[in-house]
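Index from 1, following the sequence.
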Amino acid sequence: QVQLVESGGGLVQAGDALRLSCAASGRTFSSTAMGWFRQAPGKEREFVAAMSGSGGNTIYLDSVKGRFTISRDNAKNTVYLQMNSLKPEDTAVYYCAAARRPYPVAQSQGYDYWGQGTQVTVSS
């Protein structure tokens, strides 16, 4: 029902910024809660940020608060993750995810659709 395609990853130095995009298709995008997760080599998938379908509510992983910002543009069917002051610890494959319901949650089980991921590598 929902297809997601991430882009915007790359190789940057510590302190740099990246903006990830997640292009979504589907009839109910505007009411779909969206999340960003990441998975580093040898690690489990980790919640990063999420936003309600309305855009009014956001939640973040503690370690990215103040550095990362999730936003959405429903007219473009796109969700963004602005990542500032990147650290080597942020290196991971980043995935966007969509929930069929509008309320954002931090648990991966709360999401029904997933993108293919985009690599973010932060060098020191």
Side-chain angles (χ1 to χ4, degrees):
Q1 297 284 70
V2 178
Q3 293 78 46
L4 306 172
V5 180
E6 303 97 333
S7 62
L11 174 62
V12 298
Q13 294 185 1
D16 284 354
L18 281 174
R19 189 183 194 185
L20 305 183
S21 298
C22 176
S25 62
R27 297 179 61 187
T28 59
F29 175 77
S30 63
S31 62
T32 299
M34 300 295 298
W36 286 96
F37 293 76
R38 66 188 183 186
Q39 187 167 22
K43 304 293 185 180
E44 295 184 353
R45 187 170 296 183
E46 177 183 45
F47 169 78
V48 177
M51 172 172 279
S52 64
S54 68
N57 295 316
T58 57
I59 53 176
Y60 294 92
L61 175 69
D62 284 346
S63 64
V64 308
K65 288 180 179 177
R67 298 190 297 121
F68 290 11
T69 303
I70 186 172
S71 62
R72 67 195 299 159
D73 185 339
N74 288 339
K76 298 181 179 179
N77 287 341
T78 302
V79 176
Y80 304 96
L81 184 67
Q82 178 67 46
M83 305 185 295
N84 297 330
S85 301
L86 283 163
K87 304 175 181 179
E89 309 92 90
D90 297 317
T91 295
V93 176
Y94 283 71
Y95 300 88
C96 68
R100 288 181 289 183
R101 304 183 72 177
Y103 192 83
V105 298
Q107 294 75 30
S108 61
Q109 296 91 330
Y111 296 86
D112 303 288
Y113 308 98
W114 295 83
Q116 83 291 343
T118 185
Q119 177 71 47
V120 172
T121 302
V122 185
S123 66
S124 59

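Contact annotation: the side chain of L86 approaches that of L18 to within less than 4.5 Å [non-hydrogen atoms, C-beta and beyond]. Side-chain contact between T32 and Y113: absent, with no pair of heavy atoms (C-beta onward) separated by less than 4.5 Å. Residues I70 and V79 form a side-chain contact, since some pair of their non-hydrogen atoms from C-beta on lies under 4.5 Å apart. At least one side-chain heavy atom of R19 sits less than 4.5 Å from a side-chain heavy atom of S71. For the pair R38 and V64, the minimum side-chain heavy-atom distance is below 4.5 Å. Residues T118 and V93 are not in side-chain contact: their nearest non-hydrogen atoms beyond the backbone lie 4.5 Å or more apart.
The two residues A99 and G110 make their nearest non-hydrogen contact at CB-O, 3.3 Å. Scanning all heavy atoms of the two residues, the minimum distance from P104 to A50 falls at CB-CB, 3.8 Å. Considering every non-hydrogen atom in both G53 and N74, the closest pair reads O-ND2, 4.2 Å. The nearest pair of heavy atoms linking S124 to A14 is CA-CB, 4.5 Å. Nearest approach of T69 to Y60, heavy atoms of both residues: CA-OH, 3.3 Å. The shortest non-hydrogen separation linking L4 to A24 is CD2-CB, 3.5 Å.
One finds a salt bridge joining R67 and D90 here, because a Lys/Arg side-chain nitrogen approaches an Asp/Glu carboxylate oxygen to under 4.0 Å. Under 4.0 Å is where a charged nitrogen must lie from a carboxylate oxygen, and between K65 and D62 at least one such pair does.
Here the OH-OG distance, from Y95 to S108, works out to 12.0 Å after rounding to the nearest 0.5 Å. For the atom pair CH2 (W36) and CD (E46), the distance works out to 15.0 Å, reported to the nearest 0.5 Å. Rounded to the nearest 0.5 Å, atoms CE (M34) and CG (L81) are 11.5 Å apart.
Looking only at distances, a side-chain donor or acceptor of E6 sits under 3.5 Å from a matching main-chain atom of G117. Using a distance-only test at 3.5 Å, with no hydrogens or angles considered, a donor-acceptor pair links the side chain of R72 to the main chain of S52. Under the 3.5 Å distance criterion, the side-chain polar atoms of Y94 are left unmatched by any main-chain donor or acceptor of G8. With hydrogens and angles disregarded, no donor-acceptor distance shorter than 3.5 Å links the side chain of Y80 to the backbone of D73.
T91 and E89 are not linked by any side-chain donor-acceptor pair at a separation below 3.5 angstrom, with hydrogens and angles left out of the test. Side chains of S25 and Q3: a donor-acceptor N/O pair is present below 3.5 angstrom, by distance only.
Using cut-offs of 30° and 60° for the angle between ring planes, the F37 and F47 rings count as perpendicular.
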What verdict does the side-chain contact (heavy atoms from CB on, under 4.5 Å) test give for V122 and D16, after you've listed the backbone C-alpha separation in whole Å, the side-chain angles of each residue and the deciding distance to 0.1 Å?
CA-CA 8 Å; V122 185; D16 284 354; over 6 Å; no

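The environment of Q116 atom CD is dense: over 12 non-hydrogen atoms of other residues, nucleotides or ligands sit within 6.0 angstrom.
Under a hydrophobic clustering in which Ile, Leu, Val, Met, Phe, Trp and Tyr are joined whenever their side-chain heavy atoms come within less than 4.5 Å, directly or via other members, W114 and V5 fall into different clusters.
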